[in-house]
*Asks:* 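Below you'll find the structure I mean.
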Amino acid sequence: LFERFLSAARTAKLRRDRIRLFNAMGEFRDPALVRKALDLYLTDEFDPREADTAVYTAAHAGNRPEIVWEFFKQHYEAMLAKAPREIVGTAPSIGGGFCDPAHRKDLADFFQGRVEKLPGGPRTLAQTLESMDLCIALREAQEPSVREFLSSY
């Protein structure tokens, strides 16, 4: 199915259709297929403004944020070089799908010394970290009662 989506993206005439196909490719659960979708962003085969749909979909869907985060850190410079200037400042939001202190620290540490070079980057990082803080606080407040409730089943 992934290959059929990829083939369709290569021949689709409308940008809207390619974006929908990239979105679908970012939804796959198989880690190998997620990486294959992410790799498409780094090729010259597709417009990065379309291919980034697979990246952001995978980053915020299901159990794939870790794969995207590791890929992003490994290919940070190449990904920023391909990104249109008007969106490079949103780079810190790639880690916004996490809800735990370890990933929050990793995100903050990774962007230290980098975020200042991104237009609007400091604000995006602050918003992303705040969102993570709220998620972590909600989880800490709600998890005990949810565990207690579920233990009766």
*Asks:* What's the spacing between Cys135 SG and Phe98 CZ if we round to 0.5 Å?
*Replies:*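 One finds 11.5 Å between SG of Cys135 and CZ of Phe98.
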
*Asks:* Find out if a path of hydrophobic residues (ILVMFWY) with successive side-chain heavy-atom gaps under 4.5 Å connects Leu14 to Ile19.
*Replies:* no

*Asks:* Can you confirm whether Ile94 sits close enough to Trp69 that some side-chain heavy atom of one is under 4.5 Å from a side-chain heavy atom of the other?
*Replies:*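 Side chain of Ile94 against side chain of Trp69, heavy atoms only: contact under 4.5 Å found.
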
*Asks:* How long is the span from the CG atom in Asp39 to the CG atom in Leu33, to the nearest 0.5 Å?
*Replies:*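 If we round to the nearest 0.5 Å, Asp39:CG and Leu33:CG are 11.5 Å apart.
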
*Asks:* To the nearest 0.5 angstrom, please state how far the CG atom of Asp17 sits from the CZ atom of Arg15.
*Replies:* 12.5 Å

*Asks:* Would Asn23 and Thr57 count as having a side-chain donor-acceptor pair, cut-off 3.5 Å?
*Replies:*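 Checked: Asn23/Thr57 side chains pair up, N/O donor to acceptor below 3.5 Å.
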
*Asks:* When you measure from the side chain of Arg18 to the backbone of Ala9, do you find a donor-acceptor pair of N or O atoms at a distance under 3.5 Å?
*Replies:*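 Checked: no pair found.
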
*Asks:* Examine distances only and state if a side-chain atom of Arg64 and a backbone atom of Phe28 form a donor-acceptor pair shorter than 3.5 Å.
*Replies:*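 Checked: pair present.
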
*Asks:* Would you say that more than 12 heavy atoms from the other residues, nucleotides or ligands in this model lie under 6.0 Å from the CD of Glu86, or not?
*Replies:* yes

*Asks:* Show your working on salt bridge (charged side-chain N to carboxylate O under 4.0 Å, His left out) between Asp30 and Lys36 and close with a plain yes or no.
*Replies:* CA-CA 10 Å; Asp30 180 337; Lys36 191 169 185 175; over 6 Å; no

*Asks:* Under a plain distance cut-off of 3.5 Å, with no hydrogens placed, do Asp100 and His103 share a side-chain donor-acceptor pair?
*Replies:*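 There is such a pair (donor and acceptor under 3.5 Å, judged by atom type) between the side chains of His103 and Asp100.
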
*Asks:* Test ring-ring contact (aromatic ring centres under 6.0 Å, His included) on Phe46 and Phe22 and set out the steps.
*Replies:* CA-CA 10 Å; Phe46 297 103; Phe22 281 113; 5.0 Å; yes

*Asks:* Which atoms form the tightest heavy-atom contact between Phe5 and Ala24, and what is the distance?
*Replies:*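 Nearest heavy atoms, Phe5 then Ala24: CE1-CB, 3.5 Å.
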
*Asks:* What's the separation between atom CG in Asp47 and atom CG in Asp52, rounded to the nearest 0.5 Å?
*Replies:*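 Reported value, rounded in 0.5 Å steps: 8.5 Å.
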
*Asks:* Is the NZ or CZ atom of Arg114 positioned over Phe110's six-membered ring, under 6.0 angstrom from the centre and within 45° of the axis?
*Replies:* yes

*Asks:* Would you indicate whether the side-chain heavy atoms of Leu80 and Leu118 approach each other to under 4.5 Å?
*Replies:*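 SC-SC contact between Leu118 and Leu80 confirmed.
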
*Asks:* Count I, L, V, M, F, W, Y as connected when their side-chain heavy atoms are under 4.5 Å apart, and connections chain through other members. Are Ile87 and Leu42 then in the same cluster?
*Replies:*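 Ile87 and Leu42: separate clusters.
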
*Asks:* Of all the heavy-atom pairs spanning Ala58 and Val34, show the shortest one and how long it is.
*Replies:* CB-CG1, 4.1 Å

*Asks:* So, do Leu125 and Leu129 sit near enough that their side-chain heavy atoms are less than 4.5 Å apart?
*Replies:*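 Side-chain contact under 4.5 Å: yes.
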
*Asks:* Please report the shortest heavy-atom distance between Gly121 and Pro92, naming the atom on each side.
*Replies:* O-CG, 4.0 Å

*Asks:* Give a yes or no on this: more than 12 heavy atoms of other residues, nucleotides or ligands lie within 6.0 Å of atom CD of Glu148.
*Replies:*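 Result for CD/Glu148: open.
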
*Asks:* Hey, are the side chains of Thr53 and Met25 touching, using non-hydrogen atoms and a 4.5 Å cut-off?
*Replies:* no

*Asks:* Report yes if some heavy atom in the side chain of His75 is under 4.5 Å from a heavy atom in the side chain of Tyr41; otherwise report no.
*Replies:* no

*Asks:* Less than 4.5 Å apart, side chain to side chain, heavy atoms only: is that true for Phe71 and Met79?
*Replies:*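 Side chain of Phe71 against side chain of Met79, heavy atoms only: contact under 4.5 Å found.
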
*Asks:* Take atom CZ of Arg10 as the centre, draw a 6.0 Å sphere, and report whether it contains more than 12 heavy atoms from other residues, nucleotides or ligands.
*Replies:* yes

*Asks:* Between Arg49 and Pro84, is there a side-chain heavy-atom distance shorter than 4.5 Å?
*Replies:*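 With C-beta onward as the side chain, the pair touches.
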
*Asks:* Enter the distance from Cys99:SG to Arg104:CZ here, rounded to the nearest 0.5 Å.
*Replies:* 12.0 Å

*Asks:* Quick one: do Ile67 and Leu38 satisfy side-chain contact (heavy atoms from CB on, under 4.5 Å)? Show the steps, please.
*Replies:* CA-CA 9 Å; Ile67 296 169; Leu38 298 175; 4.1 Å; yes

*Asks:* Please answer whether the main-chain N or O of Gly120 pairs with a side-chain N or O of Thr124 as donor and acceptor at a distance below 3.5 Å.
*Replies:*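 Yes.
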
*Asks:* Check this for me: does any side-chain nitrogen of one of Asp106 and Lys73 sit under 4.0 Å from a carboxylate oxygen of the other?
*Replies:* yes

*Asks:* Could you tell me if the side chain of Arg85 sits less than 4.5 Å from the side chain of Pro119, heavy atoms only?
*Replies:*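 Side chain of Pro119 against side chain of Arg85, heavy atoms only: contact under 4.5 Å found.
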
*Asks:* Determine whether Leu138 and Phe149 fall in the same hydrophobic cluster, where Ile, Leu, Val, Met, Phe, Trp and Tyr are linked whenever their side-chain heavy atoms lie under 4.5 Å apart.
*Replies:*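 Leu138 does not cluster with Phe149.
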
